[in-house]
Asks: 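Take a look at the following structure, please.
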Amino acid sequence: LMQIAKSLKIHVLLSGQGSDEQFGGYNKFFYFYLNELIKKNKWFAALSIFLRVAFKSNVLQEFRIGEAVRYLGVKKIAAAGLIHADNTSALDGDIGLGANYVERERRDLFSLSLPMLLHYEDRMSMWNSIEVRLPFLDHRIVELALSLNPWAKFSSGQPKSILRKALVGVIPDDIRLRRDKKGFGIPEGEWVTNLFRPIYEEMMKGEMRSGSLRILSQDGIRRGYRNLLQKKPIPNGRQMMRVLLLERFLAQFSHYITGA
């Protein structure tokens, strides 16, 4: 996208980064909110929001256990067997459900999802000499969104309910009320099990650098890859792709890494 913008001599772009984190745009936020309502024994509110979302969005249909497992805590991810046993106790990157909805939302906004995405976007835009501006990160919008009751973000049965209502008459309804969410996903699972399969099979034959450094469990990686070929939900294609990327990184910079 940045390359296309550059070819069209576009020098400044507006980005929607931050809107998902602040207005419950990602499907996971519905489950965070539902979890909070249930923990507070607000059963009627939980049932009400569940039924609204079930009938007016694709959130439930798009649920994938392979994606959801990372929000169940680091130990669950480690249980997939990819991480070497020496390292599981040292993991502190738990991206789980959080103490409550607002706390979990703030973590995505200030330390998890958004900083990572802004880093990627900044690298790609600057590489193409494009300035990206972020209207949703105006401090007034951030402060307002954080002060809202989470109910306002799901009340219509769709994520970003309050934002959709604010845009009545501004954008076409077929866009404003779209049920599904489309990102810029890439078919990592298909690549890992098909296009890159010879690479994985060759990589797992001998001793892997991540295994010799006791970062990942080589036996766990072999089991995980077999599970993926059998279409089991854990691990998922994204996790296995990162195994390959780590191996390539360690190979590229092996002369800087003791034991690699």
Side-chain angles (χ1 to χ4, degrees), residues 15-40 42 45-80 91-121 136-137 141-142 145-146 148-164 177-189 233-242:
S15 170
Q17 296 286 15
S19 62
D20 283 314
E21 289 80 4
Q22 296 178 86
F23 294 101
Y26 294 127
N27 290 353
K28 63 186 180 184
F29 283 111
F30 162 68
Y31 295 104
F32 295 157
Y33 185 43
L34 188 65
N35 178 64
E36 177 176 315
L37 292 174
I38 292 172
K39 286 200 301 184
K40 292 181 176 179
K42 294 184 177 181
L47 179 61
S48 175
I49 202 71
F50 180 88
L51 292 175
R52 293 185 191 201
V53 168
F55 284 106
K56 293 189 177 181
S57 79
N58 287 4
V59 170
L60 299 180
Q61 295 93 312
E62 293 171 358
F63 178 83
R64 300 290 183 274
I65 186 61
E67 293 294 323
V69 69
R70 56 187 173 143
Y71 300 110
L72 300 178
V74 164
K75 291 182 179 179
K76 294 286 185 179
I77 300 174
L91 291 169
D92 60 0
D94 195 339
I95 61 170
L97 299 174
N100 54 58
Y101 182 91
V102 174
E103 184 267 341
R104 187 57 181 76
E105 182 181 63
R106 291 179 65 90
R107 287 173 59 195
D108 252 33
L109 187 61
F110 295 114
S111 61
L112 295 175
S113 170
L114 186 59
M116 175 185 67
L117 294 174
L118 292 177
H119 173 77
Y120 297 158
E121 189 168 82
F136 281 103
L137 295 184
I141 294 178
V142 174
L146 286 173
L148 294 172
N149 187 312
W151 179 267
K153 302 173 184 182
F154 303 97
S155 60
S156 71
Q158 291 183 296
K160 294 184 177 178
S161 290
I162 192 169
L163 190 58
R164 295 174 193 264
L177 300 176
R178 181 168 178 162
R179 291 171 60 95
D180 59 344
K181 179 174 179 59
K182 294 296 181 184
F184 295 96
I186 55 176
E188 292 172 299
I234 303 174
N236 58 39
R238 176 184 297 166
Q239 292 168 326
M240 291 305 299
M241 176 64 81
R242 278 147 181 73

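Just so you know, these numbers come straight off a predicted model, no measurement behind them.
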Asks: Would you name the heavy atoms of G24 and P159 that are closest together and state the gap between them?
Replies: O-CB, 3.0 Å
Asks: Without swapping roles, check the side chain of Q22 against the backbone of G18 for a donor-acceptor pair under 3.5 Å.
Replies: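 Answer holds: yes.
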Asks: For D108, is there an ion pair with R106 - N to carboxylate O distance below 4.0 angstrom?
Replies: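 Salt bridge absent between R106 and D108.
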Asks: Show your working on side-chain contact (heavy atoms from CB on, under 4.5 Å) between Y101 and L37 and close with a plain yes or no.
Replies: CA-CA 9 Å; Y101 182 91; L37 292 174; over 6 Å; no
Asks: Could you check whether N27 and E62, counting side-chain N and O atoms only, form a donor-acceptor pair closer than 3.5 Å?
Replies: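 Yes, N27 and E62 have a side-chain donor paired with an acceptor closer than 3.5 Å.
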Asks: Kindly determine whether S48 and W151 satisfy side-chain contact (heavy atoms from CB on, under 4.5 Å), including the steps that lead there.
Replies: CA-CA 11 Å; S48 175; W151 179 267; 3.8 Å; yes
Asks: Quick check: do L34 and E36 have side-chain heavy atoms less than 4.5 Å from each other?
Replies: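 Side-chain contact under 4.5 Å: no.
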Asks: Quick test of your reading of the model: are E188 and R242 salt-bridged, counting only N-O distances below 4.0 Å?
Replies: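 The answer is yes: the pair qualifies as a salt bridge.
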Asks: So, R179 side chain and F55 main chain: donor-acceptor pair closer than 3.5 Å or not?
Replies: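 Looks like yes, one N/O pair under 3.5 Å.
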Asks: Under 3.5 Å, side chain of K153 to main-chain N/O of G25, donor-acceptor pair present?
Replies: no
Asks: If you define the side chain from C-beta out and look only at heavy atoms, does anything of L60 sit under 4.5 Å from F50?
Replies: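 The answer is yes, as the side chains (C-beta and beyond) meet within the 4.5 Å cut-off.
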Asks: Just checking K42: does its NZ atom have more than 12 heavy atoms from other residues, nucleotides or ligands closer to it than 6.0 angstrom?
Replies: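 At most 12 heavy atoms, drawn from other residues, nucleotides or ligands, come within 6.0 Å of this atom.
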Asks: On a heavy-atom basis, which atom in S156 and which in K56 lie closest, and how many Å separate them?
Replies: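 Reported closest heavy-atom pair: O-CD, 2.9 Å.
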Asks: Give me the atom names and distance for the closest heavy-atom approach of I49 to A46.
Replies: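 Scanning both residues completely, I find the closest heavy atoms to be CG2-O, 3.3 Å.
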Asks: With heavy-atom distances below 4.5 Å as the criterion, would you say the side chains of V53 and Q158 are in contact?
Replies: no
Asks: What pairs with E103 under side chain to side chain donor-acceptor pair (under 3.5 Å), at least two apart in sequence or on another chain?
Replies: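 Listed in chain order: nothing, the list is empty.
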Asks: Identify the two heavy atoms, one from A145 and one from E105, that lie closest to each other, and give their separation to 0.1 Å.
Replies: O-OE1, 4.4 Å
Asks: So, Q239 side chain and N236 main chain: donor-acceptor pair closer than 3.5 Å or not?
Replies: yes
Asks: Would you please classify the geometry between the F29 ring and the Y26 ring as parallel, tilted or perpendicular, with 30° and 60° separating the classes?
Replies: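 Judged by the thresholds at 30° and 60°, the geometry between Y26 and F29 is parallel.
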Asks: Mind checking whether R52 and S155 have side chains closer than 4.5 Å, heavy atoms only?
Replies: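 Yes; the side chains approach each other to less than 4.5 Å.
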Asks: Using a 4.5 Å cut-off on heavy atoms from C-beta on, say whether the side chain of F23 contacts that of L148.
Replies: yes
Asks: For R104, is there an ion pair with E21 - N to carboxylate O distance below 4.0 angstrom?
Replies: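 No, no charged N to carboxylate O under 4.0 Å.
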Asks: I'd like to check D20 versus L114 (side-chain heavy atoms, cut-off strictly below 4.5 Å). Are they in contact?
Replies: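 Contact flag for D20/L114 side chains = no.
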